[in-house]
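Okay, so here's the structure we're looking at.
Counting starts at 1 for both ligands and their atoms, following the listed order. The figures here come from the full heavy-atom set of this structure, side chains too, leaving out hydrogens, waters and symmetry mates. A quick note: this is a predicted structure, and the numbers were derived from the prediction, not measured.
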Amino acid sequence: MDATTGANTRAGKLTVGDNNWDFPIYEGTIGPSVVDISSLYGKTGLFTYDPGFTSTGSCESKITYIDGDEGILLYRGYPIQQLAEHGDFLETCYLLLYGELPTAAQKADFDYRVTRHSMVHDQMNRFFTGFRRDAHPMAIMVGSVGALSAFYHDSTDISDPHQRMVASIRLIAKTPTLAAMAYKYSIGQPFMYPRNELDYASNFLHMCFAVPCEEYKPNPVLARAMDRIFILHADHEQNASTSTVRLAGSSGANPFACIAAGCACLWGPAHGGANEAALKMLAEIGTPDRIPEYVRRAKDKNDSFRLMGFGHRVYKNYDPRAKLMQQTTHEVLAELGIKDDPLLDVAMELEKVALNDEYFIEKKLYPNIDFYSGITLKAMGFPTSMFTVLFAVARTVGWIAQWKEMIEDPSQRIGRPRQLYTGATRRDYVPMSRRR
Ligand code: SDX
């Protein structure tokens, strides 16, 4: 990590009343510079205050860059559009973990290593029988990914680079297996073991949709769409769930447990749960003629309803992933011969109405990746409850790459924010007899 010690530093000044203090400003390779306020409290006795971290850089990173105004997303400098068009998900995983695109030999080795870690310990099956069949699959993911921390004691010495990479490979390889098991358990079908001859996305479709009674051939168009969906969801800078993983990992916690914490955060409807919520919203709207009523509600301050799949903390332009997702939706519907999907009709009309509405224009609210993903996944045969699980499968590589970067950062220390306290000042205990 060199920006905070390199030549690209200039002086910043903070003035409070009659006092002036100097703080260094670091410039990145692209994007906003940062002012290092780590000595602020020591110098001034003041904390910064930034609930939601809208103006706070929590770390230095070389993994993913987002330009919210321009709608740009780069993984290790490569535009998401090019990676989604030319590469596959495991190539993106290699890039995020190692920082460079793999050579053919490196890719073959990486694919081999991931493929041969895709089975889970057979005792993992027993965890599933403890869940109700109607448990939300994300509840099962949080539990089963966390349970991995009870099995792999040979890859949890986080000071050992080899063990960090083994844990990373295991998580990338096993989350699709656990996700497929969660789905099979919810529909009462037997678990399907991974198939080593299949690529990552085809193997996942096989584990979800094959049954022991007959041959299952993954549709190559759907497998390619699944793979692209994984690429689009792989990483996204310091989003809520990635920040959760970094904070959990900053205490030196077990890497499998840190990823389970990421799953828990992603589940929320404001974050990764939005794809499930967006599809439910489209189904509730039902027909294009009901769109004006829902757009009005979304604009009504007294109504908690929001257009799910719209808006983003960083993108104040079109989410580049949403355009690629929309293209994938059309490819999947065409391959499946679905001519007029009512949900797609509502989605496209809703997008048109919202993008021309003064409220959405003024607040720079555009469709995000979750707006179209649900339509695609539903067409592929996944129940709504599985949508966030698929997001978690894809985001595992981003979480673990960011976790590794944090562990390997020599300036890394436990994350411990402070607060603005507005509670009761000191007061003495009141005996029960004197309480009213
Ligand atoms: C993901 O961070 C990431 O990178 C996340 C993610 C990733 O890859 O990791 O990209 C994945 O989580 C995408 C976002 C999925 N969530 C949704 O689609 C849920 C709906 N969107 C909103 O809840 C909201 O837009 C957020 C949570 C995404 C962003 O919230 P912010 O940045 O805190 O913005 P805000 O809530 O302060 O909204 C700003 C204004 C508000 O109005 P005012 O108070 O200024 O008058 O815009 C309004 C909001 O009311 N607004 C919306 C809206 N989103 C924001 N109004 C109607 N519908 C919406 N969807």
Side-chain angles (χ1 to χ4, degrees), residues 50-58 61 63-69 71-75 80 84 92 96 138 229-246 262-282 285 291 293-325 347 350-351 353-355 357-375 387-388 390-399 401-402:
D50 183 14
F53 309 120
T54 51
S55 303
T56 294
S58 61
S61 180
I63 298 175
T64 293
Y65 175 72
I66 304 171
D67 182 325
D69 295 328
I72 291 170
L73 170 55
L74 309 176
Y75 289 165
I80 187 75
T92 288
L96 291 171
M138 276 306 285
I229 290 168
F230 286 151
I231 292 173
L232 295 180
H233 288 80
D235 193 48
H236 213 238
E237 199 212 68
Q238 304 312 318
N239 59 85
S241 54
T242 297
S243 300
T244 300
V245 171
R246 277 182 172 260
C263 288
C265 178
L266 186 75
W267 192 1
H271 189 13
N275 51 20
E276 176 176 356
L279 198 87
K280 285 179 178 167
M281 174 193 73
L282 294 173
I285 294 173
I291 287 173
E293 172 203 343
Y294 283 85
V295 169
R296 180 191 56 73
R297 285 186 56 195
K299 292 155 54 174
D300 178 356
K301 282 277 151 257
N302 300 317
D303 190 326
S304 61
F305 174 78
R306 287 195 165 179
L307 287 185
M308 301 314 282
F310 261 81
H312 199 277
R313 170 63 59 76
V314 177
Y315 289 124
K316 301 309 173 190
N317 195 326
Y318 218 99
D319 181 339
R321 305 168 297 175
K323 285 193 187 302
L324 291 162
M325 199 65 245
L350 176 57
E351 179 183 3
V353 169
L355 292 185
D357 183 287
E358 199 42 50
Y359 175 91
F360 292 88
I361 293 169
E362 185 248 327
K363 292 188 186 298
K364 298 183 178 180
L365 299 174
Y366 290 86
N368 59 50
I369 189 165
D370 295 303
F371 188 63
Y372 282 104
S373 56
I375 298 169
F387 293 176
T388 308
L390 304 183
F391 195 150
V393 168
R395 187 52 59 89
T396 292
V397 63
W399 289 332
Q402 298 269 354

Legend entry - Mutual orientation of the aromatic rings belonging to Phe310 and Phe360 [parallel < 30°, tilted 30-60°, perpendicular > 60°]: perpendicular

Inset, instruction - Could you tell me whether a side-chain N or O of Asn317 sits under 3.5 Å from a main-chain N or O of Gly68, the two making a donor and an acceptor? - result: no

Inset, instruction - Could you check atom 19 (C) of ligand 1 against the protein and tell me its nearest heavy-atom contact, residue, atom and distance included? - result: Met308 CE, 3.5 Å

Legend entry - Contact check: Phe310 vs ligand 1, nitrogen or oxygen atoms, below 3.5 angstrom: yes

Inset, instruction - Could you tell me if any non-hydrogen atom of Gly309 lies under 4.0 Å from any atom of ligand 1? - result: yes

Inset, instruction - For residues Val397 and Thr92, determine if any side-chain heavy atom of one lies less than 4.5 Å from a side-chain heavy atom of the other. - result: no

Legend entry - Close approach of Lys299 to ligand 1, heavy atoms, under 4.0 angstrom: no

Inset, instruction - Check whether any side-chain heavy atom of Met325 sits under 4.5 Å from a side-chain heavy atom of Phe371, and report yes or no. - result: no

Legend entry - Heavy-atom proximity to atom 53 (C) of ligand 1, best of Leu232, Leu365, Ile369, Leu266: Leu365

Inset, instruction - May I ask whether Tyr315 has any heavy atom positioned less than 4.0 angstrom from an atom of ligand 1? - result: no

Legend entry - Contact check: His236 vs ligand 1, nitrogen or oxygen atoms, below 3.5 angstrom: yes

Inset, instruction - Please tell me if the side chains of Glu276 and Pro269 come closer than 4.5 Å, counting only heavy atoms from C-beta onward. - result: no

Legend entry - Side chain, backbone, both or neither: the part of Arg395 lying under 4.0 Å from ligand 1 by heavy atom: side chain

Legend entry - ligand 1 contact on Tyr294 by region, counting heavy-atom pairs under 4.0 Å: neither

Legend entry - Per-residue contact class, Lys301 against ligand 1 - non-hydrogen pairs under 4.0 Å: side chain

Inset, instruction - Please determine if Ala270 has a nitrogen or oxygen closer than 3.5 Å to a nitrogen or oxygen of ligand 1. - result: yes

Legend entry - atom 47 (O) of ligand 1: nearest protein contact (heavy atom, Å): Lys363 CD, 3.6 Å

Legend entry - Any Asn368 heavy atom less than 4.0 Å from ligand 1: yes

Inset, instruction - Nearest heavy atom to atom 38 (O) of ligand 1 wins, so pick from Arg321, Arg313, Arg306, Lys316. - result: Arg306

Inset, instruction - Using distance alone, decide if ligand 1 has a nitrogen or oxygen within less than 3.5 Å of any nitrogen or oxygen in Asp319. - result: no

